[in-house]
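Written below as structure tokens is the structure these notes are about.
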Amino acid sequence: MMNKKQTIAAVQTMMEEFPDAKSELNADSNFHFLLAVILSAQATDKSVNKVTPALFERYIDPASLAQAESSEVEDYIKNIGLYKNKARYLIACAQKLVTDFSGVVPQTLSELTSLPGVGRKTADVVLGDCFGVPSIAVDTHVTRITKRLRIVGPKDTPRKIEDILMKKLPQSMWIRAHHTMIFWGRYRCTARKPRCATCPLLKQCREGQMRVKS
Ligand code: SF4
């Protein structure tokens with residue numbers, strides 16, 4: 001497995017390739033960003049960005065969404081996977097924001113994860129992007145690339161991967177490392193066709209070396 005020094009160096013190499021990595025979800029407020037992150041579960045950011053302008057215009061704040069009917073919200077998001085469940089979550093989330101948090105998106109992991117539809121990954125993304133709270137959200141890209149690069153073990157869960165990354169990377173790198181690893185997974189080390197032959201991490205990556213040989 002990669003040690004601390006090797007992990008930092010690998011993430012720095014990724015940062016050199018993607019110096020501007022950041023969230024690709026569009027939103028104009030913390031509330032709307034939270035909605036976009038909930039919608040992005042098992043959906044691409046592009047597909048979420050297509051539906052959110054109309055959704056955000058209709059529901060400008062938690063109070064307006066809290067009063068919506070599921071069928072009405074479904075109409076706005078029906079091109080996204082799991083839209084029926086997501087519509088219910090969005091409304092329930094807005095209702096809890098109104099009743100428990102005076103309509104304001106909270107800034108702690110425990111409060112965020114108390115909201116319907118908000119798991120640890122969503123909460124970590126919101127903490128980092130809305131409030132600058134150091135966090136590392138582990139999604140499918142982060143899971144895949146940390147396993148390929150042997151930063152973590154092959155069977156490690158997202159929760160374990162988060163813990164390992166927090167130990168191996170300095171806190172000051174967490175938010176940027178999260179975005180950078182997602183870009184790395186989306187545009188370099190993709191699930192089906194990673195671009196190993198030209199990868200600057202090929203020397204450190206046994207998985208890449210095996211792929212290049214075969
Ligand atoms: Fe991913 Fe291939 Fe680079 Fe390894 S060498 S990090 S598998 S793109």
Side-chain angles (χ1 to χ4, degrees), residues 1-26 33 36-50 80-82 109 119-129 132-214:
M1 285 232 284
M2 273 194 187
N3 63 26
K4 222 169 164 178
K5 204 172 154 195
Q6 291 165 328
T7 304
I8 292 171
V11 174
Q12 280 169 338
T13 300
M14 295 178 201
M15 286 174 172
E16 279 163 26
E17 183 155 320
F18 298 107
D20 301 319
K22 59 177 174 14
S23 174
E24 294 185 298
L25 290 170
N26 298 332
F33 186 72
V37 181
I38 293 173
L39 287 172
S40 70
Q42 295 178 48
T44 64
D45 288 358
K46 266 188 193 160
S47 68
V48 173
N49 286 338
K50 275 189 194 152
I80 292 188
L82 309 173
L109 185 67
R120 191 178 176 98
K121 176 163 70 83
T122 299
D124 277 339
V125 173
V126 171
L127 284 175
D129 282 19
V133 176
S135 55
I136 302 181
V138 177
D139 72 347
T140 173
H141 296 298
V142 176
T143 300
R144 183 178 67 256
I145 68 167
T146 52
K147 286 185 179 178
R148 281 181 177 168
L149 281 163
R150 302 189 185 204
I151 292 170
V152 303
K155 291 189 180 155
D156 286 344
T157 61
R159 185 71 187 82
K160 178 94 193 280
I161 294 170
E162 184 178 335
D163 282 345
I164 293 172
L165 285 171
M166 288 194 297
K167 280 192 193 119
K168 290 189 174 178
L169 295 172
Q171 209 180 63
S172 58
M173 283 179 81
W174 291 357
I175 296 176
R176 199 169 152 216
H178 153 74
H179 288 303
T180 304
M181 287 189 281
I182 289 174
F183 268 53
W184 190 259
R186 263 185 205 153
Y187 305 114
R188 162 68 72 183
C189 191
T190 58
R192 292 202 186 145
K193 282 192 183 169
R195 295 186 292 120
C196 301
T198 58
C199 180
L201 292 176
L202 182 58
K203 268 192 193 157
Q204 295 94 299
C205 182
R206 235 185 288 169
E207 162 104 17
Q209 288 161 16
M210 282 183 325
R211 284 173 181 269
V212 168
K213 270 185 208 150
S214 60

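Whatever order the structure lists ligands and atoms in, that order sets their numbers, starting from 1. Everything numeric in this text was worked out from a predicted model, so none of it was measured.
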*Of the choices A197, G185, C199, which has the non-hydrogen atom that lies closest to atom 3 (Fe) of ligand 1?*
C199

*asked:* Counting non-hydrogen protein atoms only, what is the nearest one to atom 4 (Fe) of ligand 1? Give residue, atom name and distance.
replied: C205 SG, 2.3 Å

*Does any donor atom in the side chain of R144 or T190 lie under 3.5 Å from an acceptor atom in the other side chain?*
no

*Closer than 2.8 Å to atom 4 (Fe) of ligand 1, do we get an N, O or S atom from C189, backbone or side chain?*
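Coordinating: no.
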
*State whether the side chain of K168 and the backbone N or O of I8 hold a donor-acceptor pair below 3.5 Å, judged by distance alone.*
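No; zero donor-acceptor contacts below 3.5 Å.
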
*asked:* How long is the straight-line distance from CE of M181 back to CE of M15, given to the nearest 0.5 Å?
replied: 8.0 Å

*asked:* Below 30° counts as parallel, above 60° as perpendicular, anything between as tilted: where do the rings of Y187 and F18 land?
replied: tilted

*Per-atom contacts of ligand 1 with W184, taking only distances under 4.0 Å to non-hydrogen atoms*: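 Counting atoms of ligand 1 from 1, those under 4.0 Å from W184 are 6 (S).
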
*Using a 4.0 Å heavy-atom threshold (strictly under), name the region of C196 that reaches ligand 1: side chain, backbone, both or neither.*
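Under 4.0 Å from ligand 1, C196 contributes backbone and side-chain atoms.
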
*State plainly whether the residues E207 and K147 are in salt-bridge range, i.e. N to O under 4.0 Å.*
no

